[in-house]
Amino acid sequence: MFGLGRPTRRTAQPRPSAVTVNGRDLPLAIRENARATRMTLRIEPGGQALKLTIPKGLAAREIDEFLTRHHGWLMTRLARVEDAGPLADQGKISIRGVDHRIALTGKLRGITEQTELDGVPTLLVSGLPEHIGRRVSDHLKRVAKTELQRLVHMHAATLGKPVRAIAYKDTKSRWGSCTSEGNLSFSWRIAMAPDFVIDYLAAHEVAHLKEMNHGPDFWATCKALCPRTTEAKRWLKQNGSRLFAVAF
């Protein structure tokens with residue numbers, strides 16, 4: 001007589017925590033949503049990580065199959081994000097939509113200055129090579145502050161709405177925000193975008209002073225302030241990740 005042993009319990013397959021794409025290991029955050037009916041994959045701004053939203057209790061095998069099916073899509077999308085790496089002498093940085101060559105002055109002190117050398121837009125940077133990132137980012141912050149303050153107050157005057165304060169941050173998930181109290185916040189990285197995109201961002205947040213939503217009235221207000229709203233939205237969708245990817 002042969003006895004029947006206890007059935008072997010399968011060990012649950014662990015969910016993936018990273019995905020290798022184009023030779024890079026990208027962290028993968030998996031979030032369960034009880035209301036989700038399908039899986040949704042998102043590339044985080046800057047292309048440095050992935051987020052996957054799944055229905056509650058989904059098996060790891062199904063997650064792996066989904067990621068395998070979408071590997072080609074990930075390769076294509078991530079290839080559009082330039083991994084610029086640390087900024088360096090003779091490298092490039094976009095300022096208000098114009099590529100500038102970065103050139104060290106050889107001096108330890110001095111202001112960071114936009115100029116033109118031999119017909120090439122150039123950003124002159126003082127200090128040691130290891131300070132380039134900080135010097136360039138400081139310059140972009142000044143550009144963002146100058147442009148956005150002017151545009152915000154111009155658009156706010158058009159709507160007759162007060163602005164309480166304007167803050168500048170290095171956010172990774174949104175370009176701007178507005179509170180009901182009139183506090184506006186912007187990512188200073190927008191200084192790398194063309195002028196019409198900077199104008200759109202200012203108009204977008206100022207429009208929230210009148211409409212704290214994204215309904216039809218909001219977009220009508222936004223387009224009245226910035227006629228190139230649709231074009232600017234498209235530009236940010238296509239190029240925003242590139243700006244977030246620049247390493248300072």
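In what follows, residues are counted from 1 in the order of the sequence shown.
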_Nearest non-hydrogen partners of L151 and A202, listed with the distance_ = CB-CB, 3.7 Å

*Hey, is NZ on K210 packed in by over 12 heavy atoms from elsewhere, all under 6.0 Å?*
no

*Would you please test H155 and L159 for side-chain contact (heavy atoms from CB on, under 4.5 Å) and show each step?*
CA-CA 7 Å; H155 291 316; L159 294 184; 6.0 Å; no

*asked:* For W175 and Y200, I'd like to know if the aromatic rings sit close, meaning centre-to-centre distance below 6.0 Å.
replied: no

*Distance in Å, I102 CD1 paired with L123 CG, rounded so as to fall on 0.5 Å steps*: 6.5 Å

*Closest non-hydrogen atom pair between I93 and V246, with its separation*: CD1-CG1, 4.2 Å

*Can you name the salt bridge (charged side-chain N to carboxylate O under 4.0 Å, His left out) partners of E65, sequence neighbours left out?*
R61

_Side-chain donor/acceptor of R42 to backbone N/O of K51, under 3.5 Å_ = no

_Once rounded to the nearest 0.5 Å, what's the spacing between atom CG of L67 and atom CG of L50?_
8.0 Å

*Would you check, one step at a time, whether the test salt bridge (Lys or Arg N to Asp or Glu O under 4.0 Å) holds for D199 with R228?*
CA-CA 9 Å; D199 182 38; R228 297 178 72 178; over 6 Å; no

*Out of curiosity, R242 CZ to S94 OG, how far, rounded to the nearest 0.5 Å?*
7.0 Å

*Any salt bridge between E231 and R234, counting N to O under 4.0 Å?*
no

*Given side chains that start at C-beta, do those of T40 and L52 come closer than 4.5 Å, heavy atoms only?*
no

*Assess whether salt bridge (Lys or Arg N to Asp or Glu O under 4.0 Å) is satisfied between E32 and K56, documenting all intermediate values.*
CA-CA 5 Å; E32 287 190 343; K56 194 170 181 63; 3.6 Å; yes

*Rounded to the nearest 0.5 Å, what separation is found between the CD1 atom of I30 and the CG atom of L58?*
9.0 Å

*Give a yes or no on whether the backbone of V120 and the side-chain of T122 come within a donor-acceptor separation of less than 3.5 Å.*
yes

*Nearest 0.5 Å please: distance from the OH atom of Y168 over to the CG atom of L140.*
13.5 Å

*Please determine, by modelled atom types, if Q114 and H139 share a side-chain donor-acceptor pair under 3.5 angstrom.*
yes

*P14 and A60: which non-hydrogen atoms are nearest, and at how many Å?*
O-CB, 3.8 Å

*State which residue, out of R109, R135, K107, fulfils the side chain to side chain donor-acceptor pair (under 3.5 Å) condition with S126.*
R135

_4.5 Å side-chain heavy-atom contact, D25 and V19_ = no

*asked:* Check whether H208 reaches the backbone of E211 with its side chain - one donor and one acceptor, N or O, closer than 3.5 Å.
replied: yes

*Determine the minimum heavy-atom distance between D99 and P121, stating which atoms define it.*
O-CB, 3.6 Å

*Going by heavy atoms in the side chains, are R189 and F244 under 4.5 Å from each other?*
yes

*Determine yes or no for a side-chain-to-main-chain donor-acceptor pair under 3.5 angstrom, with H100 supplying the side chain and V98 the backbone.*
yes

_H204 and H214 aromatic centres sub-6.0 Å_ = yes

*Does H131 use its side chain to pair, donor to acceptor, with the backbone of G127 at less than 3.5 Å?*
no

_Is there a path of hydrophobic side-chain contacts, each under 4.5 Å between heavy atoms, that joins L209 and M212?_
no

*Partners passing side chain to side chain contact (heavy atoms under 4.5 Å, CB included) against E116 (at least two apart in sequence or in another chain)*: none

_Show the nearest heavy-atom pair for residues T37 and P55, with the distance to one decimal._
C-CG, 3.9 Å

*Any side-chain donor paired with an acceptor under 3.5 Å for N33 and T53?*
no

_With a 6.0 Å cut-off (strictly less than), is the heavy-atom count around CZ of R174, excluding the residue itself, greater than 12?_
no

*asked:* Between L236 and I190, is the side-chain contact (heavy atoms from CB on, under 4.5 Å) condition met? List the steps.
replied: CA-CA 9 Å; L236 277 177; I190 199 64; 4.0 Å; yes

*Examine L124 and I111 and state if one hydrophobic cluster contains both, with Ile, Leu, Val, Met, Phe, Trp and Tyr joined whenever side-chain heavy atoms are less than 4.5 Å apart.*
no

*So, E181 versus T179: side-chain donor-acceptor pair below 3.5 Å or not?*
yes

*Heavy atoms, side chains only, cut-off 4.5 Å: are I166 and S185 in contact?*
no

_Side-chain heavy-atom pair V125, T105 within 4.5 angstrom cut-off_ = no

*When rounded to the nearest 0.5 angstrom, what is the spacing between SG in C178 and CG in L184?*
4.5 Å

*Evaluate the side-chain proximity of L117 to R101: yes if any heavy-atom separation is below 4.5 Å, no if none is.*
yes

*Under 6.0 Å from the CZ atom of R69, do we count more than 12 heavy atoms belonging to anything else shown?*
yes

*asked:* Could you work out, with ring-ring contact (aromatic ring centres under 6.0 Å, His included) as the rule, every residue matching F186, not counting sequence neighbours?
replied: none

*Is there side-chain contact between F66 and I54, with at least one heavy-atom pair below 4.5 Å?*
no

*For side-chain contact (heavy atoms from CB on, under 4.5 Å), just list the numbers for H71 and V21, CA-CA rounded to whole Å, side-chain angles, deciding distance to a tenth of an Å, and then say yes or no.*
CA-CA 7 Å; H71 190 78; V21 185; 4.2 Å; yes

*Should L41 and L74 count as side-chain neighbours, where that means a heavy-atom distance under 4.5 Å?*
yes

*Please name the pair of heavy atoms, one in A156 and one in V163, separated by the smallest distance, quoted to 0.1 Å.*
CB-CG2, 3.7 Å

